[in-house]
Amino acid sequence: MDSMMFLGFSLDAWITIVTVLGMFSILLFTKLRSDIVFLGAIGVLYVTGVLDTKEAFSGFSGTSVITVGVLFVVVAGLMHTGVLQCIVKLLLGTPNSYSKAVTRLMLPVAVLSSFLSNTTVVALFVNIVKIWSKKLGISPSKLLIPLSYASGMGGVCTLIGTPPNLIISGLYEEQTGTAMNILTTTIPGLFCLAIGVLSVIAMRKLLPDRKAPESEFESTGEYTVELQVPSDNKHIGQTLGEAGLYHVKGGSLIEQYHFDNMPSPISEDEPIMGGDHLVYAGQIDELIDLAWSHGLVSANHHVFSLDEIDKKRKLRTAYVTFGSNLIGTRMADNGFGEKNDIIIVAISRHGHRIKEVPRQVVLQAGDTLLLLLPPHMNMSALEKDPNLHFFDSEDVPNIGTGTIVSTVIMIAMVALSALGVLPLLHCAFLAAAAMLICRCCNVEQAMRAINWEILMVFAGSAVLGVAIQKTGIAEWLANGILDVCGTNPLVVMTAVCFVGTFITEFISNTAAGAMFFPIMYEAAEKLGYDPFPFLVALMVSVSSSFATPIGSPTHMLVYGPGGYRFSDFMRIGLLMNIIILAANILIVNIVYPLTPIQ
């Protein structure tokens, strides 16, 4: 097929272009899982013969992908022994100004993100920051965006801190046979972090001052609960007044629906029928007691037995994630409550509780939900559901000798790799084995910690990079950039990094890194320069997504809890993108001067 040319490209190249554009369009405009989309793209490239068997599945056997998978086990050990919680307790403190609070927050988050998954660190800190902000008298929205920014900027400080660093360094090793040091990006990353912290402090007025969504849940007892009268209820045939369901302790009856789903007049003399829906507003604990004492059940679905109600149910808060299948639906219709045995109690949007009946509210991304759960419910499956993110995690680590042991294992892993004693993959395997042997985590916890979706995206991204390079697209793009930017290496580096920063606002930074690696590598070689500093700059740029909440998974983690709007990220994020890009180009060229190829 390579001999067939059209508009300067071979048929293989056109298939790759259409596949990549189609894949990004699907990721942007549909709710399909990203791992399925990447797997489908690999399948197209393989079936059409663009890639042979070895090339199509090279991503799954690449050292960088295996390293990421093994590092999930190391992170599990650190999480379950409470290392992160100890660091938080020691470092946050009680600063007396916003500038000090931002510094005390962003620096430890960045350090942790240099060695751990960014999403893991942010997920841990979200609830802590909410509590901490109340103590300091600062709106959580003033701290949660800096929290997310810090995790991204900290991630670029080491090769293991963020997936693009691993994939770019892995591709560089395949091309040159030379492995990058684990601390290759440390100085550029720290410099950009320092500039980032100062920029956030300087631009603090661009950060929104919003109420935390769950503060509406805390500041009022007026929760709305919808209950149902089972067909075997003893009060059927009585009036609301006779049954004691009109005047109730700690709340009031606001709506009643009979079998025809039409609201009935609210009066003491209204009769009670089997299947009636009664909507109360009031104190949640009193309303649960009312349901228990009067034999009412959850109105999530039609039930006919008293056995369903349980006064020991517990409250949890969660928010609707971007891309969730719940967006645009009502809990009354989507079956989510019935499937997971949960009751929706209240909904908050942009910091304000919605007064409508919760089950009838059409859900939006970022909505914060107050949910009532069974007392002994296994949360592990529900917390992995991509439709909701629970930000009041129940996981309580065991802090003790294991905390010290897991810390020592982590430090030893980084030191051995940084000093060149062992390759990074060897160090990661040894650290993972040590975590299991020393019981920092068990096998089940370790396996549960491995995010297979991320690994699939990671492997798929590497394969896309191979296709872009093999079909000549990378060379064509590199030539196009040189035609526009000339032969000045600094201008070319800046141009590619600028486009990379923009693209990563809309696609995963892993995909952006794999896509731009061959372009940057080709451009550097055509200019006659060592690609190494160009690739270091690329690592920083594809992880510098500040302007949209969909630009990073960590942004999505703070979007709901912060009560943010989409535009909140753009106001400060666009300036942050430019500032960090300039800092990135400056420091990389100081630390790694451009060197002509001999």
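This structure is a prediction, so every number in the text was calculated from the model and none was measured.
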Go through Ser97 and Ser99 one step at a time and tell me if the side chain to side chain donor-acceptor pair (under 3.5 Å) criterion holds.
CA-CA 5 Å; Ser97 69; Ser99 300; 4.8 Å; no
Run Val74 and Ile409 through side-chain contact (heavy atoms from CB on, under 4.5 Å) and show every step you take.
CA-CA 9 Å; Val74 178; Ile409 292 171; 5.5 Å; no
Report the C-alpha separation of Leu105 and Leu143 in whole Å, then their side-chain angles, then the decisive distance to 0.1 Å, and conclude whether the side-chain contact (heavy atoms from CB on, under 4.5 Å) test is met.
CA-CA 8 Å; Leu105 172 65; Leu143 294 173; 4.1 Å; yes
Which is it for Glu268 and His247 under the side-chain contact (heavy atoms from CB on, under 4.5 Å) test, yes or no, and what are the steps along the way?
CA-CA 8 Å; Glu268 290 187 73; His247 296 290; 3.7 Å; yes
Let's go through Leu369 and Ile347 carefully: what are the C-alpha distance in whole Å and the side-chain angles of both, what is the deciding distance for side-chain contact (heavy atoms from CB on, under 4.5 Å) to 0.1 Å, and is it a yes or a no?
CA-CA 5 Å; Leu369 313 181; Ile347 301 175; 3.8 Å; yes
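Between the OH atom in Tyr149 and the OG atom in Ser545 there is a gap of 9.0 Å [rounded to 0.5 Å]. Here CG of Leu112 is found 11.0 Å from CG of Leu107. Values are rounded to the nearest 0.5 Å. From Leu144, atom CG reaches atom OG1 of Thr554 across 11.0 Å, with rounding to the nearest 0.5 Å. Atom-to-atom distance recorded for Gln445:CD and Met435:CE is 12.0 Å, nearest 0.5 angstrom. Taken from CE in Met447 to CG in Asn442, the straight-line distance is 11.5 Å, to the nearest 0.5 Å. If you take OG1 on Thr162 and CD1 on Ile160, they are separated by 11.5 Å, rounding to the nearest 0.5 Å.
Residues Thr81 and Thr407 have side chains not in contact (no heavy-atom distance under 4.5 Å, counting atoms from C-beta outward). Within the 4.5 Å cutoff, no side-chain heavy atoms of Val320 are placed close to those of Gln364. Under the 4.5 Å side-chain criterion, counting only non-hydrogen atoms from C-beta, Phe546 is in contact with Met153. The shortest distance between side-chain heavy atoms of Ile201 and Thr103 falls below 4.5 Å.
Of the residues listed (Ile272, Leu253, Asp276), the one engaging Leu245 in a side-chain contact (heavy atoms from CB on, under 4.5 Å) is Ile272, and it is the only one.
Formation of a donor-acceptor pair under 3.5 Å by the Ser133 side chain with backbone atoms of Ser139 is not found in this model. The closest donor-acceptor contact from the side chain of Ser141 to the backbone of Pro208 lies under 3.5 Å. Between the side chain of Ser114 and the main chain of Gly161, no donor-acceptor pair closer than 3.5 Å is present. Here the side chain of Ser231 pairs no donor or acceptor atom with the backbone of Gly274 at under 3.5 angstrom. Between the side chain of Tyr98 and the backbone N or O of Arg204 there is no donor-acceptor pair closer than 3.5 Å. Under a 3.5 Å cut-off, the side chain of Tyr564 and the backbone N or O of Val558 do not form any donor-acceptor pair. The backbone N or O of Pro230 sits nowhere less than 3.5 Å from a side-chain atom of Asn233 that would complete a donor-acceptor pair. A donor-acceptor contact shorter than 3.5 Å is absent between the side chain of Glu270 and the backbone of Ser267. Using modelled atom types, one side-chain atom of Thr329 and one backbone atom of Leu326 make a donor-acceptor pair closer than 3.5 Å.
Between Pro95 and Lys100 the shortest heavy-atom distance is CB-CB, 3.6 Å. Taking both residues in full, the closest heavy atoms of Lys142 and Asp209 are given as CE-CB, 4.1 Å, listed atom of the first, atom of the second, then distance. In terms of heavy atoms, Ala291 sits closest to Leu227 at CB-CD1, 3.9 Å. Counting all heavy atoms, side chain and backbone alike, Gly244 lies closest to His294 at O-NE2, 3.8 Å. Taking both residues in full, the closest heavy atoms of Pro271 and Gln256 are given as O-NE2, 3.4 Å, listed atom of the first, atom of the second, then distance. Taking both residues in full, the closest heavy atoms of Ala446 and Ala76 are given as CA-CB, 4.3 Å, listed atom of the first, atom of the second, then distance.
The aromatic rings of Phe569 and His555 lie tilted to each other, with the angle between the two planes from 30° to 60°.
Inspection of the Ser113 and Ser151 side chains reveals no N or O donor paired with an N or O acceptor under 3.5 Å.
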